There are 2 protein chains.
Amino acid sequence: MAATLHDVARVAGVSIKTVSNVINDYPHVRPETKERVLAAIAELGYRPNLSARNLRSGRTGMISLIIPNLRNPYFAELADDVMNAASARGLSVLIEQVGGDRESELSVLRGSRRQAVDGILYSVLALGQEDAAVLDEIPLPMVLLGERIFNSSRDHVTMRNEDGLRAATEHLLAIGCRRIIALGSHPGEVIGSAGLRLDGYLQALDAAGVPVDERLIVHADRWHRVDGAAAMRSILAAGTEFDGIVAFNDSLALGAMRIMQEAGLRIPQDVAVIGFDDLDETRYSVPTLSTIEPGRPQIAETAVDMLLARIEERASAESSPAEPREVLTDFRLVQRESTTRAAGAPGSSGL
Amino acid sequence: MAATLHDVARVAGVSIKTVSNVINDYPHVRPETKERVLAAIAELGYRPNLSARNLRSGRTGMISLIIPNLRNPYFAELADDVMNAASARGLSVLIEQVGGDRESELSVLRGSRRQAVDGILYSVLALGQEDAAVLDEIPLPMVLLGERIFNSSRDHVTMRNEDGLRAATEHLLAIGCRRIIALGSHPGEVIGSAGLRLDGYLQALDAAGVPVDERLIVHADRWHRVDGAAAMRSILAAGTEFDGIVAFNDSLALGAMRIMQEAGLRIPQDVAVIGFDDLDETRYSVPTLSTIEPGRPQIAETAVDMLLARIEERASAESSPAEPREVLTDFRLVQRESTTRAAGAPGSSGL
DNA sequence: TTCAAAATTTACAACGTTGTAGATCGATGG
DNA sequence: CCATCGATCTACAACGTTGTAAATTTTGAA
């Protein structure tokens, strides 16, 4: 069916190894031989069989990206960034979705596709400290994204969750908010994004001398728009007073804004809102949403580089692996309409 | 490093073929042997090497999904649907993004990852009739998604572009719109989604006896929110009068709504808007967006099934391949606030 | 012209798996 | 007790590639 090295060799009148040498740019091939081989390759439309090459080399040129769900725009944008970074380095990306619960994350990590990739980029969601040992067992290079599992021997690329959320909270304080809802907490969580972001919120309040009101710390297990909407409905039902919202991600903020608007609250006049992630859609919502840009492209680039380094480290010497590294990316506060209270805020017509 | 069949065989005291037989559920293995082998597999943490298996079997268990861009929510949701359908059938999905221009689509189609997958799901964007021959040359099973390339010998799974857009237009006519903008046309295109959808629009106007006004057919090369916003700005600048918009996809509609709201136009009171695709976010926008639900999960399921059938057809006999099939999925009009003009429309508070 | 060194090419053996064909073993039936 | 059959297991040869080591050719200097 498809042409192989043997076919090309026969047509070119050389050995298969010479064909292989031409393909791999081995230096000692006579120019005229090379030409003949290339002609044969073109004639037959030969393409190397990747399974065979992988079997021989032990490398597949693929990495997997484990994320909860592509419908979540944050992960779709992350996947895009990762695929761009990977393809610039000659790698393909196999995306694997996990349900977002601990069981399914563990089962994917242990899953059989493991044998098909050189390494794993793993966006941790449901695992915690107690699972660090499991991660260390996986016999593949792996880089953790956007999360901090304590004591794991894996490399991390992490955004500045605390600092980012503190900056967001400080921004709301600066424009005059005093009763600021923290939207998206996970009760009891310390290490994950929710725990860290809550910490940033508390730090900012503390620094400003604003007392913490437990009723303003609002739980949301998952961080989709629908969860932000649901949370806002119960906040309104409970009658809690508030004048600002710092949402732990943009989707929560967008969902909450929708419900507030239905209830007749004006943004930012009655309630200022800021999110986290800088999704594309924060530029198009009504009003546009202020947010923390967490350095996502940088996360993707750095993570792919680190993973590639681990893969190469493993391939070369038996030397002991380098120490696990943790990289924190730079964040940036992006102010848009949802926190712009100056008179004549643009785009508020009709609102 | 990683355990192989040989290692397992040694530990279990059997031949490698017996281990292979156990793994592949070959029936004639004594229960006690099987047990011993399974114990050895567990002890060593053995996992089959997929490269070797693929080399031997000629199958990889992977299909690639070629789409323009994951940041486009339509394709993110499609990818999610495809991955779910594929994983239910034991397949993994390799997503490949193409720039959206003809050159990059062709180069990805011819690209070397071809050898790594059993088949291709290809969401055509920039190719047309003149490229049908190129598609036929690709020596891999392939199913085309959401598009109709005439005369290609490939299977298609297509949404009802014309019917859907005609229904959308009829809906606007039914609620009283008379000057309806068709947003997203590609001048000169006949076969692609834009051409078909424009056709649906024209059919609906024709059937209702509403004259066509060329100024109401608005071009938009790409179909992202930003393009919808840009198009709406020029419409407003041109001073064209209109009372309804049928956008060729949801993103265009959302972008256009944003600009209309900035300009003080009320939706749906001044302008009713309907989109196409039923993105998740149409349920959360302000106002929520009426749209055509094109049967995306059905598209994904059907396409994966058809591709699998082609892969198996190829693997088995040398019999001549089955005739190319074209499947049209069912669509559904989803009415939301953006076309609901009845008094007391919900959710319009503040707007 | 001759010979060593360099350049070029080749044969062969892996990589880890599964299909084929055949070997071994026990039980069955005559 | 032996031929036969099915059940169970095994040896071997692929699949298409690349590394190793060795064979062959060419080159350049003596």
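Chain letters run A, B, ... following the sequence lines, proteins first, then strands; residues in each count from 1. All values derive from a computational prediction rather than experimental measurement.
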Asker: May I ask you to evaluate whether A:Arg56 reaches the phosphate of C:dA14, defined as a side-chain N or O under 4.0 Å from OP1 or OP2?
Answerer: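 For C:dA14, neither OP1 nor OP2 has a side-chain N or O of A:Arg56 closer than 4.0 Å.
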Asker: With a 4.0 Å cutoff (strictly under), does any side-chain N or O of B:Thr4 reach OP1 or OP2 of C:dC15?
Answerer: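 Indeed not, no polar side-chain atom of B:Thr4 lies that close.
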Asker: Without decimals, in angstroms, what is the distance between A:Glu32 CD and C:dA7 P?
Answerer: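 Rounding to the nearest Å, CD of A:Glu32 and P of C:dA7 are 16 Å apart.
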Asker: Round to a whole Å and report the spacing from NZ of A:Lys17 to P of D:dT20.
Answerer: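 It is 9 Å, rounded to the nearest whole Å.
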Asker: Could you give the CZ-to-P distance, from B:Arg36 to D:dC9, as a whole number of Å?
Answerer: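 Interatomic distance, CZ of B:Arg36 to P of D:dC9: 8 Å.
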Asker: Need to verify one output field. Residue with the more 5' nearest nucleotide on DNA chain D, B:Ala52 or B:Lys34?
Answerer: B:Lys34
Asker: Within less than 4.0 Å of OP1 or OP2 of D:dT18, is there a side-chain N or O belonging to A:Arg53?
Answerer: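 The answer is yes; a side-chain N or O of A:Arg53 sits under 4.0 Å from OP1 or OP2.
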Asker: Under 4.0 angstrom, heavy atoms only, what part of the nucleic acid is B:Thr18 near: base, sugar-phosphate, or nothing?
Answerer: base
Asker: Can you find a heavy atom in the side chain of B:Leu135 that is under 4.5 Å from one in the side chain of B:Leu144?
Answerer: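 Side chain of B:Leu135 against side chain of B:Leu144, heavy atoms only: contact under 4.5 Å found.
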Asker: OP1 or OP2 of C:dT10 versus the side-chain N and O atoms of A:Ser15: is any pair under 4.0 Å?
Answerer: yes
Asker: Measure from CG on A:Leu5 to P on C:dC15 and round the result to the nearest Å.
Answerer: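 Rounded to whole Å, this separation is 19 Å.
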Asker: Under 4.0 angstrom, heavy atoms only, what part of the nucleic acid is A:Ser51 near: base, sugar-phosphate, or nothing?
Answerer: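 Answer is nothing: A:Ser51 stays at 4.0 Å or more from every strand.
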Asker: With a 4.0 Å cutoff (strictly under), does any side-chain N or O of A:Ser57 reach OP1 or OP2 of D:dT18?
Answerer: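 No, outside the criterion.
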Asker: Rounded to whole Å, how long is the line connecting atom CG of B:Asn54 with atom P of D:dG16?
Answerer: 13 Å
Asker: Please determine if a side-chain N or O atom of A:Ser20 lies less than 4.0 Å away from the OP1 or OP2 oxygen of D:dT17.
Answerer: no
Asker: Report yes if some heavy atom in the side chain of A:Ile63 is under 4.5 Å from a heavy atom in the side chain of A:Leu121; otherwise report no.
Answerer: yes
Asker: B:Tyr46 near the nucleic acid: base, sugar-phosphate alone, or nothing, with a heavy-atom cut-off under 4.0 Å?
Answerer: sugar-phosphate
Asker: Between the side chains of A:Arg325 and A:Asp155, is the shortest nitrogen-to-carboxylate-oxygen separation below 4.0 Å, so that they form an ion pair?
Answerer: no
Asker: Choose from D:dG16, C:dA7, C:dT18 the nucleotide whose nearest atom is closest to any side-chain atom of A:His28.
Answerer: C:dA7
Asker: Grab the CG-C1' distance between A:Asn21 and C:dA7 for me, whole Å please.
Answerer: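 From A:Asn21 CG to C:dA7 C1': 12 Å.
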Asker: Taking it one step at a time, do A:Arg89 and A:Asp305 satisfy side-chain contact (heavy atoms from CB on, under 4.5 Å)?
Answerer: CA-CA 9 Å; A:Arg89 290 159 184 77; A:Asp305 281 336; 2.5 Å; yes
Asker: Starting at atom CZ of B:Arg30, determine the distance to atom P of C:dG26, rounded to an integer number of angstrom.
Answerer: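 Answer to the nearest Å: 9 Å.
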Asker: Atom OH of B:Tyr26 to atom P of D:dT8: distance rounded to whole Å?
Answerer: 9 Å
Asker: Looking at B:Asn24, I'd like to know whether one of its side-chain N or O atoms comes within less than 4.0 Å of OP1 or OP2 on C:dT18.
Answerer: yes
Asker: Side chains of A:Thr60 and A:Asn54: is there a donor and an acceptor less than 3.5 Å apart?
Answerer: no
Asker: Looking at D:dT17, C:dT20, C:dT9, which one has an atom nearest to any side-chain atom of A:His6?
Answerer: D:dT17
Asker: When you look at CD of B:Glu32, are more than 12 heavy atoms from neighbouring residues, nucleotides or ligands closer to it than 6.0 Å?
Answerer: yes
